[in-house]
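Okay, so here's the structure we're looking at.
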Amino acid sequence: MVGLIDLVEKLTTPHPLDRYLELVRPTFTLRQMRAEITHVRRSAVGSVTLTLRPTRQWQGHVAGQYVQIGVVIDGVRHTRCYSPVNSDRRRDRHIELTVKAHPHGLVSNYLHENAIPGMVVDLAPAAGIFHLPEQRPDRIVLITGGSGITPALSMLRTLATEGYAGKVLFLHYNRSPEYVPHRTELEALALQHNNFRVEMLYPELGTDANFSYDELERLAPWFASAQTYLCGPPGLMKAVRTVYEAEQLADRLHSEEFVLTVAPGDPATAEGEITFSGSGKTIENTGASLLEQAEVAGLTPEYGCRMGICFTCTAVKRTGCTRNLRTGEVDADPDQPIQLCINAPVGDVDIAI
Amino acid sequence: MAMLTETPAGPVVLSREQIEEIGAALDEIRARVTDDLGERDREYIYSIIKAQRGFEIAGRGLMYLGFLPPFWLAGVAALSVSKILDNMEIGHNVMHGQYDWMREPGLNSRVFEWDTVCPSDQWRHSHNYMHHTYTNIHGMDRDIGYGILRVDEAQPWNPLRLGNPVYAFFLMLAFEWGVMGHDLEVENIVQGKRKWLDVKALLKGQIRKAGRQVLKDYVVFPALTGPLFLSTLAGNFTANIVRNLWTFSIIFCGHFPSGVQTFSEEDCAEETQGEWYVRQMLGSANIDGSRLFHIMSGNLSHQIEHHLFPDLPANRYPEIAPEVKALCEKHGLPYNTGSFSQQIGSVWAKLFKLALPPVLAGKPQPAGVIVVRRGQDSEVGV
């Protein structure tokens, strides 16, 4: 198949074959993976669950991993990462994503309001090391908060489909019951599997306490012999880590950071650190353009006009927020190509040069 | 032809305040357009891409009926349109970064390749960087004559210049190859200013890219039509030539008609953004025409707007052109535009005139605009 594609691309050169096929149908691509939204469900307050049918390149995910999707909003393709919430044993190759609409989240709000069946998104292969080991541990603790529930949900559903016989505690923190996505299904899972304990706690309602050693000890006295998977907001992550470190169980705790696009700070102030991850250098931000700061740091990135017209100095910004010195526009999206000569960092920034 | 700006009292003089005012007005236009970019621009570029692909497939398909002359001609016409759209409204503009904001991997300036023998990375250097940064500065902008032609009085005359129109004619026929060789700076190699070693990597890239293009147009597609091999080969060759004639003509109308100014390095030292803008306006020329004409020229018929804002999507140029023109009129600046026949006629007249030694060619045009910089008058332009 690949040989045949190569042959046909001799004819379409210099354009890849997909650039022709996608014009016929966006999911007709041979190399580039995409997915079509087949179902949209808005059950929990503030979140939407999408069922996606990926194109044939999809190789599946391992419960706990995430995928990156690309969504076009007002002409611009934005990419975000979400963890599939379905069991990784799902036979029809579809994936299910639950997206929580964050207050300033462009993509999450867009999907929450506008996602309809038939919409096509870009899809990258599943990635991430936050997943269950192939050899299942005898005891598992899943601790999540807010939208951190998604990878753990996939894990729990996978364990349920494969008839896992060990003990599981699923501990989830949220604002109130109506915000918990897939709540009724979680409760049903707990009823069907008496080795699964599902606990939903709502500290903000005043009915439950925040996470603590005592709480964990009460719900899963066996937690020290379990493998624990943790994903949630920074406060919860910190509280859980503190407990596990005190118990010298840090090696049994597996966690995934929330990749939230942080709202940029005050663009006028020069704060934070610039990491040039391609060369392993880190310097204090002085507020000058990234090109100038890279040169001060002793790097020699390729450049041309130094005024934003020739695009020679374009490099990939891995993470962080940058401000366009010509337009004042700020960009906080990860993995974006930016022009070094007319962009300055706002806070911590990682540039791949 | 007299400079448009020449008044009975002499050339137009621009004060420093005026230049800053022009710069601010242009920055404002730019900001307004960048704020407004969105779905409309996306739809526009994809509609052009769809049209280009349609013409390409039609052109390749019609070659199977190439034994019937009308079909052969239709095939050549469709393929020519496809190649022109690919090179101009798509390739040239995408590689300027005009659609980078869309974050579409297929329309990214860093990775886009176009349907000509010139590798896109080399073109981005010679065109996006050298030409667009140092527009019309002698010794910096190699587009002044492309190292072959005499297109400005400030280039010295020698007897070899007598062949000027002949060189131009051959450059026109083989324009894509000329564009490919542009970044090699062959005359600098001949003069010993550039070593062969420096161009080894460039040559490698050119052989690779040109090889694929030649294989596609002159081997694989002709072979696919079996007994019509020669007819298809001739059709593809003709389409490439048609594209060359057209792109050469449009591009030469952008900077070489009468009335455009050139500059010296001293003129442009330590330029402000406003002065840079003024230089771009004085050094470029537009072509009047219909919407279809503008699309087929990649909107390089709006060369003035393109040089002011090379990274704004080209479909925006016609929209902002009236404002740029009004700004020029307000300050008495030339806004060099004319019909295609006027502009291309003026280009060829210049190519013939500058073949002759200065004694025969007559006096060079005086500068039409004098710009006051840091308290001093500058003779030619900025």
- Item | B:Arg110 (side chain) donor-acceptor with A:Phe311 (main chain) under 3.5 angstrom |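 Confirmed, B:Arg110 side chain pairs with A:Phe311 backbone.
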Could you tell me whether [X] atom [atom1] has more than 12 heavy atoms of other residues or ligands within 6.0 Å of it?
X	atom1	answer
B:Glu28	CD	no
B:Arg208	CZ	no
A:Gln59	CD	no

What part of [X] lies closer than 4.5 angstrom to a heavy atom of chain A: side chain, backbone, both or neither?
X	value
B:Asp121	neither
B:Glu43	neither
B:Leu224	side chain
B:Asp100	side chain
B:Arg30	side chain
B:Asp115	both

Spacing of [atom1] belonging to [X] relative to [atom2] belonging to [Y], to within rounding of 0.5 Å:
X	Y	atom1	atom2	answer
A:Leu21	B:Arg53	CG	CZ	10.5 Å
B:Ile90	A:His15	CD1	NE2	7.0 Å
A:Leu23	B:Ile57	CG	CD1	8.5 Å
B:Arg103	A:Asp333	CZ	CG	4.5 Å
A:Thr312	B:Arg124	OG1	CZ	8.5 Å
B:Phe112	A:Arg19	CZ	CZ	10.0 Å

- Report yes if some heavy atom in the side chain of A:Val76 is under 4.5 Å from a heavy atom in the side chain of B:Met102; otherwise report no.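 A side-chain contact is absent here, since even the closest heavy-atom pair is not under 4.5 Å.
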For the interface with chain B, which of [options] has the highest count of heavy-atom pairs at distances below 4.5 Å?
options	value
A:Arg326, A:His78, A:Gln32, A:Gln339	A:Arg326
A:Val72, A:Asp331, A:Thr79, A:Thr327	A:Val72
A:Thr13, A:Ile73, A:Thr314	A:Thr13

- Which heavy-atom pair separates A:Pro337 from B:Asn108 by the least distance, and what is that distance?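 Result for this residue pair: CG-ND2, 4.0 Å.
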- Item | Shortest non-hydrogen separation from A:Gly75 to B:Arg42 and the atoms involved |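 In this case the closest contact between A:Gly75 and B:Arg42 is O-NH1, 3.1 Å.
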- Residues of residues 211-218 of chain B near chain A, each having a heavy atom less than 4.5 Å away: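 Near chain A, by residue number: B:Arg212, B:Gln213, B:Leu215, B:Lys216.
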- Contact origin within A:Glu329 toward chain B - heavy atom pairs under 4.5 Å: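 For A:Glu329, there is no contact with chain B at all, as no heavy atom is under 4.5 Å.
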Side-chain donor/acceptor pairs under 3.5 Å, residues 302-309 of chain A, sequence neighbours excluded:
from, atom 1, to, atom 2, distance (Å)
A:Arg306, NH1, A:Glu295, OE2, 3.0
A:Arg306, NH2, A:Glu295, OE1, 2.8

- List in chain and number order the residues that pass side-chain hydrogen bond (donor to acceptor under 3.5 Å, both in side chains) with B:His127, two or more places apart in sequence or in another chain; answer none if no residue qualifies.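 For B:His127 the side-chain hydrogen bond (donor to acceptor under 3.5 Å, both in side chains) partners, ignoring immediate neighbours, are B:His92, B:His96, B:His132.
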- Task: List in chain and number order the residues that pass side-chain hydrogen bond (donor to acceptor under 3.5 Å, both in side chains) with A:Asp350, two or more places apart in sequence or in another chain; answer none if no residue qualifies.
- Result: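 A:Asp350 satisfies side-chain hydrogen bond (donor to acceptor under 3.5 Å, both in side chains) with A:Ser277 only.
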